Amino acid sequence: MIQSSLTQMGAALRAKKISSVELTQNYLDRISTLNPALNAYITLNPEVSLEQARAADVRLAAGKTDALTGIPIAQKDIFCAKGWRTTCGSKMLHNFVSPYDAHVISQFNSAGAINLGKTNMDEFAMGSSNETSYYGTVKNPWDTARVPGGSSGGTAAAVAARLCAAATGTDTGGSIRQPAALCGISGLKPTYGVVSRYGMIAFASSLDQAGPMARSAEDLALLLNTMAGFDERDSTSLQRDKEDYARDLVKPLNGLRIGLPKEFFAEGLGSDVAQTVETSIGEYKKLGATIVDISLPNTKLSIPVYYVLAPAEASSNLSRFDGVRYGYRAPEYTDLADMYEKSRAQGFGAEVKRRIMIGTYVLSHGYYDAYYLQAQKIRRLIAQDFVEAFKQCDVIMGPTSPSTAFKLGEKGDDPVQMYLSDIYTIAVNLAGLPGMSIPCGFGANNMPVGLQIIGNYFDEARMLNVAHQFQLATDWHTRAPKL
Ligand code: GLN
């Protein structure tokens, strides 16, 4: 059952071939056996999950079902879930039990899905390797000496190792797509504003977007159907008609125009990744697509722009963690200012502090115009590049990440090398576009390679169609690590 698609699982549950309690227990048992080596989960609550499963079974018996009723889904520990410890990978929130549900969580709850547990992540979603988590690094299930990517690395490892049916992630600069690529699974970052950010702990609000991570595009479509939708509690949530993201899955790809940006195939790209991605583009040609050479000339500026804007927003968002209302408070201090200082000094890890300092600096008087304002202007140019590109093609493709999964500790003391992991993903967030990654083969050391598919605004249904047709023609998405 753990290799079945969500559609097949749903059908088995409705046909009473398996109960949600049995399915949930199967996953919990698998987690007990395999999670100690992978560290994909921060918090498990078996009793709570099984209670939800019992309720789902009642609902299944009554025939009041949704596509996801009874299916165990893991949630990135950035989503507040009522009664669940929600840490965001930080010591700062080690004791925070959320009194409310994020919009994404309540959507899954109303669908009758099971919250299987909270997955590990880089602290406050800052990282590309899951090594900044206060709860320890996550291991890549394909090779436990390697990173799973980040920041949604716990989710990616859990999906790849079949420790959940599917899961959620968030993507501020690549955190759904890059770990999906490094763990050989599928992940989708929707258009900014499609999924509500309410109750999702904020990193950089103008970039953060939640999305599904699963084994196939078909599964992603079902999850997105549940996650997307207007929510008045998020001021950037978009009021749009409800969509069925699975509606175009079966369309043939004849005449599809695929844009290949020359900047995505230039210096810095590993030859193993380049070759694998080129082979999959060949597969698309066989499926009837035509290739268009395009250029995204400002791509090279996306990392410097992101590392001004994201830290600026983070420095403001993270000012709420002051040891007063919730979270970590230093045990000893002299006065209020000292309490703030010690609580933040002890509660945040090194990468988070680095971002807060950069952010505070670029927003300070005298530097605001030189850095922050300048970065905002370049952000607009980066978005404009995509507007031009989409005049010539329907989707853009390229590698998700310049290399396959690297060794634990390999980039730990070089933040710039780490930041370069997101060279192909960050521009998509800056432009607010949807992007996804699907497995497309294996590179050096037999580690998975991800193919990135970037769509125009609100083109998720088409991207899922493009990914699904590839997955009908190939079997990369069915490959699982031996555990
Ligand atoms: N790796 C990038 C960073 O460290 C992106 C993280 C993310 O998308 N949350 O900021």
Side-chain angles (χ1 to χ4, degrees), residues 76-79 88-90 104 119-133 137-138 147-156 167-183 187-190 192 195 197 200-213 302-315 317-318 348-359 362 375 379 400-403 405-406 410-412 414-437 450 452 454:
K76 184 176 181 179
D77 205 20
I78 198 167
F79 294 102
C88 216
S90 183
V104 163
T119 57
N120 206 341
M121 54 179 285
D122 279 302
E123 186 177 8
F124 286 103
M126 298 174 189
S128 304
S129 67
N130 236 283
E131 292 167 298
T132 75
S133 170
T137 56
V138 177
V147 305
S151 65
S152 312
T155 284
T168 56
T170 62
D171 192 312
T172 303
S175 280
I176 286 177
R177 291 160 288 159
Q178 185 257 13
L182 272 45
C183 288
L188 170 71
K189 178 205 101 73
Y192 183 80
V195 176
R197 292 180 295 109
M200 181 177 119
I201 297 169
F203 162 13
S205 312
S206 78
L207 301 158
D208 298 342
Q209 187 62 203
M213 298 173 75
S302 58
I303 294 208
V305 164
Y306 174 88
Y307 280 99
V308 170
L309 298 180
E313 294 185 29
S315 74
N317 275 326
L318 271 59
F348 289 137
E351 184 61 28
V352 173
K353 286 179 191 161
R354 176 164 28 237
R355 308 273 179 119
I356 292 174
M357 283 190 278
I358 296 171
V362 300
R379 178 177 190 174
T400 304
S401 173
S403 73
F406 43 92
E410 190 178 316
K411 299 188 183 183
D414 188 346
V416 174
Q417 273 311 310
M418 189 70 88
Y419 297 169
L420 284 170
S421 311
D422 297 317
I423 179 94
Y424 307 126
T425 51
I426 280 183
V428 171
N429 300 75
L430 291 167
L433 288 165
M436 67 188 295
S437 180
Q452 186 174 206
I454 303 168

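Counting starts at 1 for both ligands and their atoms, in listed order. If you're wondering where the values come from, they're calculated on a predicted model, not measured in any experiment.
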Problem set entry | For ligand 1, the portion of Phe203 having any non-hydrogen atom under 4.0 Å away | side chain

Problem set entry | Test of proximity, Tyr306 against ligand 1: N or O pairs below 3.5 Å | yes

Exercise. Is a donor on one side and an acceptor on the other found under 3.5 Å between the side chain of Ser151 and the backbone of Gly127?
Worked result: no

Exercise. Do Gln178 side-chain atoms and Gly150 backbone N/O form a donor-acceptor pair below 3.5 Å?
Worked result: yes

Exercise. Side chains of Glu123 and Thr132: donor-acceptor distance under 3.5 Å anywhere?
Worked result: no

For this session: Please indicate whether any nitrogen or oxygen in Thr172 is less than 3.5 Å from any nitrogen or oxygen in ligand 1.
Result: yes

Exercise. With sequence neighbours left out, what residues match Glu351 under salt bridge (Lys or Arg N to Asp or Glu O under 4.0 Å)?
Worked result: Arg354, Arg355

Problem set entry | Which of the ligand 1 atoms, numbered from 1, are nearer than 4.0 Å to a heavy atom of Ala125 | 6 (C), 7 (C), 9 (N)

Problem set entry | For Asp422, the ligand 1 atoms whose distance to one of its heavy atoms is below 4.0 Å | 1 (N), 2 (C), 5 (C)

Exercise. How long is the gap from CE on Met213 to NZ on Lys189, to the nearest 0.5 Å?
Worked result: 14.0 Å

Exercise. Under 4.0 angstrom from ligand 1, any heavy atom of Gly174?
Worked result: yes

For this session: Identify which one of Asp171, Asp422, Thr172, Asp208 satisfies the side chain to side chain donor-acceptor pair (under 3.5 Å) criterion when paired with Asn429.
Result: Asp171

Exercise. Would you say the side-chain atoms of Thr119 pair up with the backbone N or O of Gly154, donor to acceptor, closer than 3.5 Å?
Worked result: no

Problem set entry | ligand 1 contact on Arg355 by region, counting heavy-atom pairs under 4.0 Å | side chain

For this session: Return the residue, atom name and 0.1 Å-rounded distance of the protein heavy atom closest to atom 6 (C) of ligand 1.
Result: Ser175 OG, 2.9 Å

Exercise. Going by the order shown, which atoms of ligand 1 are within less than 4.0 Å of some heavy atom of Tyr307?
Worked result: 2 (C), 3 (C), 4 (O), 10 (O)

Problem set entry | Element-labelled atoms of ligand 1 that are located less than 4.0 Å from some non-hydrogen atom of Met126 | 4 (O)

Exercise. Between Thr155 and Lys76, is any side-chain donor less than 3.5 angstrom from a side-chain acceptor?
Worked result: no

Seminar exercise, completed: ligand 1 atoms nearer than 4.0 angstrom to some heavy atom of Ser151 are 9 (N)

